[in-house]
Amino acid sequence: GSTNNTIATVTGANALQGEANLTFDGSNLAQTLTGSGGHTLTAAGDHAVRIDGSANRGAENNTILALRAKWNGAQVAMIDFQAGDDTTNKDNSKIAFYTAAAGSQAQRMLIDSSGKIGIGTSDPQVSLEIYGATDGGDLDLLNLRNGGGNGSNVAINFISSTDPANTAARSYIKSLRTGSGSNLAFATSNSERVRIDSSGYFLVGHTASEAMYYTGRIQVQGTNSTTSAITIKTNQADSGGPALVLGKFSRTGATGAVN
């Protein structure tokens with residue numbers, strides 16, 4: 001009484017019963033679920049559980065194994081394990097991720113054979129590349145958010161060391177929330193050097209704008225003339241060349257040193 005291609009199971013009375021929801025046509029194994037469920041792979045003991053897909057594909061980007069999601073029959077998402085560019089040795093790969101918008105499925109992210117991640121591009125040139133295109137206007141590619149209140153900061157760290165705790169090798173750009181506004185700080189060797197405050201003041205060597213004789217948009221503060229001055233030179237290699245130095249100086253004697 002079973003239909004063609006149904007798989008038979010054994011009942012408690014050792015009789016064969018065709019499973020209408022489980023079929024195999026010689027190429028495709030299909031299961032129709034009438035309720036919430038799926039496939040469970042359980043290892044009996046200390047063993048790994050694997051899903052292997054083996055295919056001898058002939059060209060780069062050919063699918064080796066695909067996990068596809070369909071919504072009422074329409075394919076809306078996929079994880080695609082693809083052949084890499086070494087079609088001679090056939091020993092490298094890519095993983096592509098797809099989603100669909102308005103019924104049109106497209107690749108959104110790819111991990112290439114060297115581990116580079118591309119979002120919006122299938123050919124990332126660096127460890128993480130995010131690509132988008134717009135004609136005119138702004139293109140927002142990345143948001144870094146801290147959902148905390150006042151004093152909540154967000155930082156991008158640059159560490160030139162194999163040791164992530166090596167603060168001496170750490171530079172960073174940090175957004176510091178102050179009330180309803182924010183400051184932007186720039187640091188090298190784990191010490192802040194420059195800050196743009198919430199009012200747009202450019203501060204070097206200190207973290208808050210100060211009203212001295214006047215409050216300038218650019219403020220440089222240090223402990224002596226060397227760390228407080230602004231120097232503009234025409235040629236860095238010419239030690240005796242002309243230069244413009246802006247700073248506060250004092251002279252010891254008529255011909256003494258400038259301090």
Side-chain angles (χ1 to χ4, degrees), residues 1-124 126-132 141-148 164:
S2 299
T3 58
N4 292 335
N5 301 325
T6 58
I7 294 178
T9 60
V10 179
T11 67
N14 292 324
L16 293 178
Q17 173 180 296
E19 299 291 346
N21 294 332
L22 187 61
T23 62
F24 179 65
D25 63 5
S27 297
N28 297 300
L29 177 65
Q31 179 183 9
T32 301
L33 300 178
T34 58
S36 298
H39 296 273
T40 301
L41 304 178
T42 302
D46 186 7
H47 308 290
V49 176
R50 298 184 177 92
I51 299 176
D52 292 335
S54 180
N56 187 16
R57 304 311 306 269
E60 182 181 5
N61 301 326
N62 284 173
T63 297
I64 297 173
L65 173 67
L67 302 177
R68 299 176 179 176
K70 295 184 178 182
W71 189 358
N72 196 31
Q75 186 167 312
V76 294
M78 178 172 65
I79 302 176
D80 196 28
F81 300 85
Q82 302 174 352
D85 59 359
D86 189 350
T87 56
T88 300
N89 296 310
K90 298 186 176 182
D91 59 359
N92 65 348
S93 64
K94 307 173 184 180
I95 305 176
F97 300 82
Y98 293 76
T99 61
S104 178
Q105 183 174 271
Q107 180 180 302
R108 309 302 182 185
M109 186 175 75
L110 179 133
I111 305 174
D112 73 7
S113 58
S114 64
K116 296 184 179 72
I117 300 173
I119 299 176
T121 176
S122 60
D123 186 26
V126 293
S127 295
L128 173 62
E129 182 172 344
I130 303 174
Y131 174 81
L141 291 177
L142 180 66
N143 285 341
L144 303 177
R145 301 178 60 189
N146 184 339

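Residues: numbered from 1 along the sequence shown.
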Original post:
How far apart are the closest heavy atoms of Arg108 and Ser104, and which atoms are they?
Top reply: NH2-O, 4.2 Å
Subject >> Shortest non-hydrogen contact from Thr6 toward Gly18 >> reply: OG1-CA, 4.0 Å
Original post:
Between Thr42 and Val49, what is the shortest heavy-atom contact and its length?
Top reply: C-CG2, 4.5 Å
**OP:** Just jot down the side-chain contact (heavy atoms from CB on, under 4.5 Å) partners of Thr87, sequence neighbours excluded, or say none.
**Re:** none
Subject >> Reported CG-to-OG1 distance for the pair Leu29 and Thr23, which is rounded to 0.5 angstrom >> reply: 7.0 Å
Original post:
Looking at Gln105, Arg68, Gln75, which hits side chain to side chain contact (heavy atoms under 4.5 Å, CB included) with Tyr98?
Top reply: Gln105
Original post:
side-chain contact (heavy atoms from CB on, under 4.5 Å) with Ser114: which residues, sequence neighbours excluded?
Top reply: Asp112, Lys116
**OP:** Drop me the distance from Asp80's CG to Ser93's OG, to the nearest 0.5 angstrom.
**Re:** 11.0 Å
Subject >> Asp25 side chain vs Ser27 backbone, donor-acceptor pair below 3.5 Å >> reply: yes
Original post:
For Thr121 and Glu129, which heavy atoms make the closest approach, and how far apart are they?
Top reply: CG2-O, 4.0 Å
**OP:** Take Met78 and Gln107 through the side chain to side chain contact (heavy atoms under 4.5 Å, CB included) test and state the conclusion after the steps.
**Re:** CA-CA 9 Å; Met78 178 172 65; Gln107 180 180 302; over 6 Å; no
**OP:** Mark yes when over 12 heavy atoms from residues, nucleotides or ligands other than Ile51 sit less than 6.0 Å from its CD1; otherwise mark no.
**Re:** no
Subject >> Nearest heavy-atom neighbours spanning Gly38 and Leu33 >> reply: N-CD1, 4.0 Å
Original post:
So, the side chain of Arg57 versus the backbone of Thr63: is there a donor-acceptor pair under 3.5 Å, distance only?
Top reply: yes
Original post:
Within the side chain of Asn62, is there an N or O that forms a donor-acceptor pair under 3.5 Å with the backbone of Ala59?
Top reply: yes
Original post:
Are Asp85 and Asn92 close enough, and set up right, to give a side chain to side chain contact (heavy atoms under 4.5 Å, CB included), and what steps lead you there?
Top reply: CA-CA 7 Å; Asp85 59 359; Asn92 65 348; 2.7 Å; yes
Subject >> Atom pair CD (Gln31) and NE2 (His39), whose distance is rounded to the nearest 0.5 Å >> reply: 4.0 Å
Original post:
If we ignore angles and hydrogens, is there a donor and acceptor under 3.5 Å between the side chains of Asn21 and Glu19?
Top reply: no
**OP:** Take atom CZ of Phe24 as the centre, draw a 6.0 Å sphere, and report whether it contains more than 12 heavy atoms from other residues, nucleotides or ligands.
**Re:** yes
Original post:
Do Lys94 and Leu110 pass the side chain to side chain contact (heavy atoms under 4.5 Å, CB included) test, and can you show the C-alpha distance, the side-chain angles, and the key distance before you say yes or no?
Top reply: CA-CA 7 Å; Lys94 307 173 184 180; Leu110 179 133; 4.3 Å; yes
Subject >> Residues that Met109 engages under side-chain contact (heavy atoms from CB on, under 4.5 Å), provided they are two or more places apart >> reply: Phe97, Ile117, Ile119
**OP:** Check the surroundings of atom NZ in Lys90: do more than 12 heavy atoms from other residues, nucleotides or ligands lie under 6.0 Å from it?
**Re:** yes
